[in-house]
Asker: 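Below you will find the structure I want to go over with you.
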Amino acid sequence: MRKKLAKNVFLNIDPIKKFRTIKIQVDFLRPLNKEENTSRRLLANVLSNSTENYPSFQAINDREMELYGSEINVFTRNLLNFNDLAFSVEFADPNFLIDGKNQLKENLDLLGEIIFQPNLEQNKFDQISFETEKRNLMSNLISIQDNQDLVSSLGLIKLIYQNDPNRQIPIFGSIEQLKELTNEKLLEVYRDVIKNDTVIINVVGNVSETEFLNYLNESIFVDKLQNDRGDLQISFSKFDDLIKHPNTQIEHKHLNQSRIGLAYSTERVSKDFNRLAPQVMNLILGGDDQSQLFLQVREKNSLAYSVSSSYQPISHLVIIQAGLDANSVDKTLKLINDQISYIRQGKMSDAQIEHAQKVMLTQRKISSDSIQHYIMRSIWQTVYPSTLLNDQQFEEKLAQLDKKQISGVAEHMHAIAQYQLIGD
């Protein structure tokens with residue numbers, strides 16, 4: 001069932017019976033804004049800490065235990081060019097419980113409590129909750145400097161999106177913004193979210209659509225989500241300037257292991273190419289333990305402790321990352337380029353292509369065994385349906401792939417950014 005509750009407030013119910021749990025997820029979406037990433041992440045943490053009727057984290061946890069171990073989760077993430085503030089509750093299918101006839105209603109009410117009934121005092125969030133979560137987030141942000149893989153990834157992202165200031169601040173925020181964030185300001189952010197964000201409600205599991213709608217109409221959701229919200233506009237980053245003038249940055253730190261991050265744009269791949277060709281190309285290049293990067297750079301030549309590639313289909317980017325010794329950087333970069341040329345020249349074997357096809361098919365089958373797969377698919381059907389393939393389409397396109405299409409992706413790969421974190 002797909003239903004519009006108000007302008008840009010959507011309800012999707014997928015009554016699948018294959019799982020032993022049911023999940024309700026509510027996503028609040030708005031365009032990425034570098035000024036809001038920190039406040040939305042802190043807001044997620046504060047709202048999950050306590051509520052009006054459950055004024056401590058322990059009280060929420062006790063309520064989850066009463067509901068046979070329900071699990072509440074609140075987080076933020078990038079979704080296309082949007083900031084997604086998501087709330088979810090996953091709980092046992094009442095059909096597997098001795099006494100669970102009210103499971104659906106009570107978990108929906110608990111989720112509504114988390115979202116719409118925050119723990120407030122004197123027109124601000126409970127001060128203890130606010131200070132606790134602000135302190136925890138500050139500790140997490142400070143600790144990023146100890147995670148050199150993340151430091152390297154963030155450094156590369158800044159180079160890739162040098163002309164997009166809203167992507168310069170990570171989705172989890174910045175120390176500088178967090179220091180300036182007050183309790184009163186956070187409440188303003190919360191009220192703006194509840195009033196203006198696009199909302200997508202997804203329900204996946206063995207539920208009666210009629211029953212859920214009845215519960216929803218009796219819940220706090222109806223009052224809080226009845227107003228219309230503004231449209232979301234999907235936008236995509238362009239890398240034409242970086243293709244002409246690639247960005248490079250080298251940083252030196254006192255580290256035992258160095259890192260390199262490389263970004264390649266495949267934006268100019270013809271629309272006639274098979275949509276799965278870049279993903280198969282990536283698996284052959286570095287996305288698998290049978291890939292060229294893994295076998296040639298790590299195993300055969302021992303130039304890197306770790307090396308892999310990933311493909312980002314929305315931005316059409318191939319990202320290569322490696323952890324290595326500082327004196328191996330130049331040799332590793334040359335060998336990475338050799339592997340790209342290997343695919344570009346169509347030297348990969350039929351066995352490599354068949355292996356990559358099998359991996360993709362297996363990954364798709366595995367993902368379909370999770371509730372989150374259906375929730376994400378439903379979100380994409382709401383915000384960007386043209387990117388989806390059903391199982392038959394997926395298998396047909398996968399079978400149609402040939403060596404020319406895969407090498408064609410590599411031919412159109414353009415180096416746009418390189419970040420080196422060199423250990424001295």
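The shown structure was predicted, so the numbers you read here are calculated from the model rather than taken from an experiment.
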Asker: Mind checking whether Phe172 and Leu141 have side chains closer than 4.5 Å, heavy atoms only?
Answerer: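 Heavy-atom side-chain distance check passes, below 4.5 Å.
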Asker: Using the side-chain hydrogen bond (donor to acceptor under 3.5 Å, both in side chains) rule, take Glu52 and Asn119 through it: C-alpha gap first, then chi angles, then the decisive distance, then the call.
Answerer: CA-CA 4 Å; Glu52 179 181 338; Asn119 187 10; over 6 Å; no
Asker: With a 3.5 Å cut-off and no angle check, do the side chains of Ser315 and Gln312 form a donor-acceptor pair?
Answerer: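 Yes, a side-chain donor-acceptor pair sits under 3.5 Å.
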Asker: Take atom CD of Glu131 as the centre, draw a 6.0 Å sphere, and report whether it contains more than 12 heavy atoms from other residues, nucleotides or ligands.
Answerer: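 Correct, the count exceeds 12.
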Asker: Testing the basics here: between Val329 and Ile422, what is the closest heavy-atom pair and its distance to 0.1 Å?
Answerer: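 That closest heavy-atom pairing would be CG2-CD1, 3.9 Å.
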Asker: Taking it one step at a time, do Asn107 and Glu90 satisfy side chain to side chain contact (heavy atoms under 4.5 Å, CB included)?
Answerer: CA-CA 8 Å; Asn107 278 280; Glu90 187 167 358; over 6 Å; no
Asker: Any ion pair linking Asp228 and Lys4 (charged N to carboxylate O, less than 4.0 Å)?
Answerer: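 The answer is no: the pair does not qualify as a salt bridge.
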Asker: Does either side chain, that of Ser235 or that of Asn81, offer a donor lying less than 3.5 Å from an acceptor on the other one?
Answerer: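 Side chains of Ser235 and Asn81: pair found under 3.5 Å.
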Asker: Is there a donor-acceptor pair closer than 3.5 Å between any side-chain N or O of Asn337 and the backbone N or O of Leu333?
Answerer: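 Confirmed, Asn337 side chain pairs with Leu333 backbone.
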Asker: Establish, from distance only, whether the side-chain atoms of Gln418 and Asn247 form a donor-acceptor pair under 3.5 Å.
Answerer: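 There is no such pair (donor and acceptor under 3.5 Å, judged by atom type) between the side chains of Gln418 and Asn247.
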Asker: Does the side chain of His252 come under 3.5 Å of the side chain of Asp424 through a donor N or O and an acceptor N or O?
Answerer: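 Note: His252 and Asp424 side chains meet the donor-acceptor criterion.
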Asker: Are Arg63 and Glu66 ion-paired here, with the side-chain N under 4.0 Å from a carboxylate O?
Answerer: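 Salt bridge between Arg63 and Glu66, a charged N being under 4.0 Å from a carboxylate O: yes.
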Asker: Are the side chain of Arg364 and the backbone N or O of Glu395 linked by a donor-acceptor pair below 3.5 Å?
Answerer: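 No.
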Asker: Please report the C-alpha distance between Asp109 and Lys105 in whole Å, then the side-chain angles of each, then the deciding distance to 0.1 Å, and finally whether the salt bridge (charged side-chain N to carboxylate O under 4.0 Å, His left out) criterion is met.
Answerer: CA-CA 6 Å; Asp109 289 343; Lys105 180 181 186 306; 2.9 Å; yes
Asker: Will you find, in the side chains of Gln321 and Ser153, an N or O donor that is under 3.5 Å from an N or O acceptor?
Answerer: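 There is such a pair (donor and acceptor under 3.5 Å, judged by atom type) between the side chains of Gln321 and Ser153.
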Asker: Take a 6.0 Å sphere around NZ of Lys253 and say whether it holds more than 12 heavy atoms from other residues, nucleotides or ligands.
Answerer: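 Result for NZ/Lys253: enclosed.
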Asker: Looking at Ile340 and Ala410, what are the two nearest heavy atoms and their distance?
Answerer: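 Scanning both residues completely, I find the closest heavy atoms to be O-CB, 4.1 Å.
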Asker: How close do Ala415 and Pro246 get, heavy atom to heavy atom, and via which atoms?
Answerer: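 Closest pair (atom of Ala415, atom of Pro246, distance): O-CG, 3.4 Å.
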Asker: To check you understand the geometry: which heavy-atom pair defines the closest contact between Leu181 and Phe130, and what is its length?
Answerer: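 Leu181 and Phe130 have their closest heavy atoms at O-CZ, 3.6 Å.
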Asker: Using the side-chain hydrogen bond (donor to acceptor under 3.5 Å, both in side chains) rule, take Gln372 and Lys23 through it: C-alpha gap first, then chi angles, then the decisive distance, then the call.
Answerer: CA-CA 8 Å; Gln372 196 59 32; Lys23 188 166 187 178; 2.6 Å; yes
Asker: Is Asp164 paired with Arg167 through a side-chain N to carboxylate O contact shorter than 4.0 Å?
Answerer: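 Looking at Arg167 and Asp164, the cut-off is met.
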Asker: Side chains of Leu293 and Ser309: closer than 4.5 Å at any heavy-atom pair?
Answerer: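 Answer yes - side chains close enough.
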Asker: Does any N or O in the side chain of His373 come within less than 3.5 Å of the main-chain N or O of Asp369, such that one atom is a donor and the other an acceptor?
Answerer: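 No, because the side chain of His373 does not come within donor-acceptor range (under 3.5 Å) of the backbone of Asp369.
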Asker: So, Thr76 versus Asn37: side-chain donor-acceptor pair below 3.5 Å or not?
Answerer: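 No, Asn37 and Thr76 have no side-chain donor paired with an acceptor closer than 3.5 Å.
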Asker: Test Phe125 against Leu47 for side chain to side chain contact (heavy atoms under 4.5 Å, CB included), laying out the working first.
Answerer: CA-CA 9 Å; Phe125 289 104; Leu47 291 175; 3.9 Å; yes
Asker: Hey, mind stepping through Asn214 and Glu218 against side-chain hydrogen bond (donor to acceptor under 3.5 Å, both in side chains) and telling me if it holds?
Answerer: CA-CA 6 Å; Asn214 289 337; Glu218 296 169 358; over 6 Å; no
Asker: Please determine, by modelled atom types, if Asp231 and Asn8 share a side-chain donor-acceptor pair under 3.5 angstrom.
Answerer: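 Their side chains do contain a donor-acceptor pair, which is all the 3.5 Å distance test asks for.
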Asker: Any side-chain donor-acceptor pair under 3.5 Å between Asn202 and Gln25?
Answerer: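 The criterion, which ignores hydrogens and geometry beyond distance, is not satisfied for Gln25 and Asn202.
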Asker: Okay, side chain of Gln117, backbone of Ile114: is any donor-acceptor separation there less than 3.5 Å?
Answerer: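 Absent.
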Asker: Going through the distances and angles, do Leu389 and Leu276 end up as a side chain to side chain contact (heavy atoms under 4.5 Å, CB included)?
Answerer: CA-CA 10 Å; Leu389 296 174; Leu276 300 183; 4.2 Å; yes
Asker: Under the side chain to side chain contact (heavy atoms under 4.5 Å, CB included) test against Leu303, which residue among Ile336, Thr332, Leu324 passes?
Answerer: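 Answer after filtering Ile336, Thr332, Leu324: Thr332.
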Asker: Is the number of heavy atoms from other residues, nucleotides or ligands within 6.0 Å of CD1 (Ile16) greater than 12?
Answerer: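 Yes - once you tally the heavy atoms of other residues, nucleotides and ligands closer than 6.0 Å, there are more than 12.
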Asker: Count the heavy atoms of every other residue, nucleotide or ligand shown that sit under 6.0 Å from NZ of Lys124, and state whether that count exceeds 12.
Answerer: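 Correct, the count exceeds 12.
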Asker: Are the side chain of Asp192 and the backbone of Glu188 linked by a donor-acceptor contact shorter than 3.5 Å?
Answerer: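 Side chain of Asp192 to backbone of Glu188: no pair is present.
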Asker: Please check this pair: side chain of Ser152 against backbone of Asp149, looking for a donor-acceptor N/O pair closer than 3.5 Å.
Answerer: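 No, Ser152 side chain to Asp149 backbone: no donor-acceptor pair under 3.5 Å.
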Asker: Is a side-chain donor-acceptor pair under 3.5 Å present for Ser129 with Ser50?
Answerer: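 There is such a pair (donor and acceptor under 3.5 Å, judged by atom type) between the side chains of Ser50 and Ser129.
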Asker: Do the side chain of Arg298 and the main chain of Tyr305 share a donor and acceptor less than 3.5 angstrom apart?
Answerer: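 Flag set: sc Arg298 to bb Tyr305 pair under 3.5 Å.
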Asker: Would one find more than 12 heavy atoms of other residues, nucleotides or ligands at under 6.0 Å from atom NZ of Lys17?
Answerer: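 Not more than 12 within 6.0 Å, no.
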Asker: Quick check: closest heavy atoms across Gln420 and Ile260, and the distance to 0.1 Å?
Answerer: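 So the two residues come closest at CG-CG2, 3.8 Å.
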Asker: With the side chain counted from C-beta on, respond yes when Phe212 and Leu108 share a heavy-atom pair under 4.5 Å apart, and no when they do not.
Answerer: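 In short, these two side chains touch, coming nearer than 4.5 Å.
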Asker: Report the C-alpha separation of Tyr374 and Asn12 in whole Å, then their side-chain angles, then the decisive distance to 0.1 Å, and conclude whether the side chain to side chain contact (heavy atoms under 4.5 Å, CB included) test is met.
Answerer: CA-CA 10 Å; Tyr374 292 93; Asn12 305 318; over 6 Å; no
Asker: Heavy-atom count check: over 12 atoms from other residues, nucleotides or ligands less than 6.0 Å from Arg20 CZ?
Answerer: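 Open.
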Asker: When you look at Gln127 and Asn183, which way does the side-chain hydrogen bond (donor to acceptor under 3.5 Å, both in side chains) test go after all the steps?
Answerer: CA-CA 8 Å; Gln127 191 64 26; Asn183 197 334; 2.9 Å; yes
Asker: Under 4.5 Å between any side-chain heavy atoms of Arg135 and Asn140, yes or no?
Answerer: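 Side-chain contact under 4.5 Å: no.
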Asker: Below 4.5 Å, heavy atoms only, C-beta onward: do Glu133 and Val46 meet side chain to side chain?
Answerer: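 A side-chain contact under 4.5 Å exists here.
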Asker: In this structure, are over 12 heavy atoms from other groups packed under 6.0 Å from Phe57 atom CZ?
Answerer: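 Open.
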Asker: Any donor and acceptor pair, going by atom type alone, linking the side chain of Asp325 with main-chain N or O of Ser328 inside 3.5 Å?
Answerer: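 Not a single qualifying donor-acceptor pair exists.
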Asker: With no hydrogens and no angle check, just 3.5 Å: does a side-chain donor-acceptor pair link Asn83 and Arg40?
Answerer: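 Side-chain D/A pair, Asn83 to Arg40: present.
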Asker: Between Asp197 and Arg229 (salt bridge meaning N to carboxylate O under 4.0 Å), is one present in this structure?
Answerer: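 A salt bridge is absent here (no side-chain N lies under 4.0 Å from a carboxylate O).
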Asker: Determine whether Asp99 and Tyr68 make a side-chain contact, defined as any pair of heavy atoms from C-beta on separated by less than 4.5 Å.
Answerer: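 Result yes, sub-4.5 Å side-chain heavy-atom pair found.
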Asker: Treating Asp93 as the side-chain partner and Phe96 as the backbone partner, does any N or O pair qualify as donor plus acceptor under 3.5 Å?
Answerer: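 No; judged by distance alone, with no hydrogens or angles, the pair does not exist.
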Asker: Testing the basics here: between Gly100 and Pro94, what is the closest heavy-atom pair and its distance to 0.1 Å?
Answerer: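 Of all heavy-atom pairs spanning Gly100 and Pro94, the closest is O-CB, 2.9 Å.
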Asker: For the residue pair Phe28 and Phe87, establish whether any side-chain heavy-atom pair is separated by less than 4.5 Å.
Answerer: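 They are in contact (side-chain heavy atoms under 4.5 Å apart), so the answer is yes.
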Asker: Tell me if a side-chain donor or acceptor on Gln103 pairs with a main-chain N or O of Ala92 at a distance below 3.5 Å.
Answerer: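 Yes; at least one donor-acceptor contact below 3.5 Å.
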Asker: Ring centroids only, cut at 6.0 angstrom: are Phe116 and Phe221 within range, meaning strictly under it?
Answerer: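 When the ring centroids of Phe116 and Phe221 are compared, they turn out to be within the sub-6.0 Å range.
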